[in-house]
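Please read the structure below before turning to the comments.
Index from 1, following the sequence. Keep in mind it's a predicted model, so treat the numbers as computed, not measured.
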Amino acid sequence: MSRLRFTSLRLRLVVVFGLVALTAAVSASGIAYWLNREAVLTRTQDAVLRDFQQEMQNRAGALPVHPTQDELQRTAGQMASSSQRFSVLLVGQDPDGKTVYGSSDGLSAFALDDVPRSLRTAVDKQQKLTDSNKSAYHLYWQRVVEHGTPYLVAGTRLIGGGPTGYMMKSLEPEAKDLNSLAWSLGIATGLALIGSALLAQAAATTVLKPVHRLGVAARRLGEGKLDTRLRVSGTDELADLSRTFNDAAEALEKRVDDMAARDDASRRFVADMSHELRTPLTAITAVTEILEEELEAESGSMDPMIEPAVRLVVSETRRLNDLVENLMEVTRFDAGTARLVLDDVDIADQITACIDARAWLDAVELDAERGIHASLDPRRLDVILANLIGNALKHGGSPVRVSVRMDEEGGELVVAVRDHGPGIPEDVLPHVFDRFYKASASRPRSEGSGLGLSIATENARIHGGSITAANSPEGGAVFTLRLPRDASTLTEPGKDAADGGVADAAEAGEKDA
């Protein structure tokens, strides 16, 4: 039935075929019925009128000009016994000038009242004699229906004087024949309609099968099966369409392969570059740590003139180190090598540990009941929380409120991080999780890398969860983290995650908006 939905091409083809066939069959049947009806009625009518006219000439013409009622009655009976078997009514005047009647069915059967008045008027009217009209009286006829039965009624007068004769012939046998013909034509029309529907179905199947195959191939292509091709046969328009589809699929497959190759090369470049940068960064970091110790020493051995430069080197080295670590983490996600190491985690304890490790206890309000456990990767959860909370503190403003609840309907863990800042502009909201995106062009060299929220989103996604950003009606931005209660169905327990990650998530927590 899905193939025959109202908007389907198959149903429209069947309906069009059916309407055309119905119109043709009804027209042909109507014409055939009308022609046969006229032929049957005309043939019967001519035979009856010819026989009646002959009987009037032979039998009624033999009567005296003023016959008696008995003579009329006897002659009417003789006339009715002809081969056509019609009823006869003779009307005349006896020698006394009295109007007398003679009926073949008796005096109470066929009477003058059964003859239409217009017919009687036409029969009694004397015509003018002309070159084209040689007779003063003519034979007239009319079809009437009495009690649902059709009749042929005719009348004429004898030329030169004598009785007037009327005839009535039942056309019921002919009507039955015509009804049978109408039923036959109706059945033929129905069969033609059914045949046209079957023919339309067969034609639709023949025409739509390639279209259906094209639709299936297009769906497979949309699902990423770029090697999908159609079998081409014939030289019609559908074959041309199939060839065009194959050419388009081949071009698309080639382009996707090229893009995938470039993407792989780009990821390898980022991974190799990040790996190569780690060795010199390790040495530079060690030197900057020594310089930082000199800055913090009370001896004042650092020249005040170079102290700002040293502090800048220390800060930028730390920022560069965090950027390399973030790039390596992003590369793992892109390559699909990131894995979960699951453990049973008390969510309240995990959030408290994350806040305490970064000395945010005074700036963060925690609304979380203890005893809410989930099977998650603690390190990656810490990365997510550190990015969201650090992002809120840096760009939203204190106090930052972290609330935890369980969504009983979906069986999900919901962590909401809300700040009391100005919120996120509406044009920025769709881009807050994009890599390297920064809403403010005035701070392109801020401490963050623009990767923090992107990494947090990837860590949530690998758990089977998600992060959304919105503005609170009461002011400020709200980041909502949703994670499944048990992520063990999404990974293989015991597989170690790739080394690396975000060394200091608070530093990598650049708010993209």
Side-chain angles (χ1 to χ4, degrees), residues 37-38 40-176 178:
R37 177 179 181 275
E38 290 302 315
V40 168
L41 293 179
T42 301
R43 184 173 60 252
T44 302
Q45 174 182 293
D46 290 347
V48 172
L49 293 179
R50 187 169 51 252
D51 196 18
F52 174 65
Q53 189 173 24
Q54 186 175 358
E55 290 293 327
M56 283 292 295
Q57 291 175 354
N58 295 337
R59 297 186 183 276
L63 290 173
V65 176
H66 299 287
T68 63
Q69 182 173 347
D70 291 340
E71 291 175 332
L72 291 178
Q73 189 75 26
R74 183 172 60 255
T75 302
Q78 293 173 349
M79 293 174 62
S81 62
S82 68
S83 60
Q84 296 298 325
R85 298 295 178 181
F86 43 71
S87 299
V88 177
L89 173 65
L90 296 177
V91 181
Q93 289 186 340
D94 61 6
D96 299 331
K98 180 180 177 182
T99 302
V100 292
Y101 301 91
S103 175
S104 60
D105 298 330
L107 295 178
S108 61
F110 182 30
L112 194 61
D113 292 338
D114 296 329
V115 180
R117 182 178 295 275
S118 58
L119 181 63
R120 281 183 279 164
T121 302
V123 168
D124 293 335
K125 185 176 181 181
Q126 185 175 4
Q127 304 290 330
K128 288 180 70 174
L129 298 176
T130 62
D131 293 338
S132 59
N133 182 30
K134 304 297 185 181
S135 302
Y137 298 99
H138 297 276
L139 175 66
Y140 296 94
W141 58 270
Q142 186 175 344
R143 294 174 192 159
V144 297
V145 177
E146 294 288 341
H147 306 294
T149 302
Y151 291 94
L152 175 65
V153 181
T156 187
R157 291 190 66 171
L158 289 175
I159 299 173
T164 302
Y166 295 98
M167 176 274 302
M168 177 178 283
K169 167 70 175 177
S170 173
L171 298 177
E172 187 173 4
E174 287 74 15
K176 290 182 179 179
L178 292 175

**OP:** State which residue, out of L90, D94, L72, T75, fulfils the side chain to side chain contact (heavy atoms under 4.5 Å, CB included) condition with P67.
**Re:** L72
Original post:
Of all residues at least two apart in sequence or in a different chain, which pass the side-chain hydrogen bond (donor to acceptor under 3.5 Å, both in side chains) check with T130?
Top reply: S132
Original post:
Who pairs with S135 by side chain to side chain contact (heavy atoms under 4.5 Å, CB included), at least two apart in sequence or on another chain?
Top reply: H138, I159
Original post:
So which pairs with a foot in residues 47-57 pass side-chain hydrogen bond (donor to acceptor under 3.5 Å, both in side chains), sequence neighbours left out?
Top reply: D51-S82, E55-R59
**OP:** Not counting sequence neighbours, which residues clear side chain to side chain contact (heavy atoms under 4.5 Å, CB included) with P116? List them please.
**Re:** S118, L119, Q142, V144, V153
Original post:
Which distance, rounded to the nearest 0.5 Å, do you find between the CG of L41 and the CG of L152?
Top reply: 9.0 Å
Original post:
Between CZ of R43 and CD of E174, what distance do you get to the nearest 0.5 Å?
Top reply: 8.5 Å
**OP:** To the nearest 0.5 angstrom, please state how far the CZ atom of F86 sits from the OH atom of Y166.
**Re:** 15.5 Å
Original post:
If you look at every heavy atom in A76 and S103, which pair is closest and at what distance?
Top reply: CB-C, 3.9 Å
Show me the donor-acceptor pairs within less than 3.5 Å that the side chains of residues 120-127 make with the rest of the protein, sequence neighbours left out.
{"residue": "R120", "atom": "NE", "partner": "V115", "partner atom": "O", "Å": "3.3"}
{"residue": "T121", "atom": "OG1", "partner": "R117", "partner atom": "O", "Å": "2.9"}
{"residue": "Q127", "atom": "NE2", "partner": "Y140", "partner atom": "OH", "Å": "3.4"}

Subject >> Pairwise distance CE(M167) to CG(L49) - rounded to 0.5 angstrom >> reply: 5.0 Å
Subject >> Gap between atom CZ of F110 and atom CE of M168 - 0.5 Å precision >> reply: 4.5 Å
Original post:
Do any pairs count as a side-chain hydrogen bond (donor to acceptor under 3.5 Å, both in side chains) and have a residue in residues 143-153, sequence neighbours left out, and if so which ones?
Top reply: Q45-R143
Original post:
Which pair of heavy atoms, one from L63 and one from P163, lies closest together, and at what distance?
Top reply: CD1-CG, 3.9 Å
**OP:** Please report the shortest heavy-atom distance between P64 and E71, naming the atom on each side.
**Re:** CG-OE1, 3.7 Å
Original post:
Is there a donor-acceptor contact under 3.5 Å from the side chain of Q73 to the main chain of S104?
Top reply: no
Original post:
For the atom pair OG1 (T156) and CH2 (W141), what is the distance rounded to the nearest 0.5 Å?
Top reply: 15.0 Å
**OP:** Kindly indicate, with the supporting measurements, whether the criterion side-chain contact (heavy atoms from CB on, under 4.5 Å) is fulfilled by V100 and T68.
**Re:** CA-CA 7 Å; V100 292; T68 63; over 6 Å; no
Original post:
What pair of heavy atoms forms the shortest contact from R85 to S81, and how long is it?
Top reply: NH1-CA, 3.7 Å
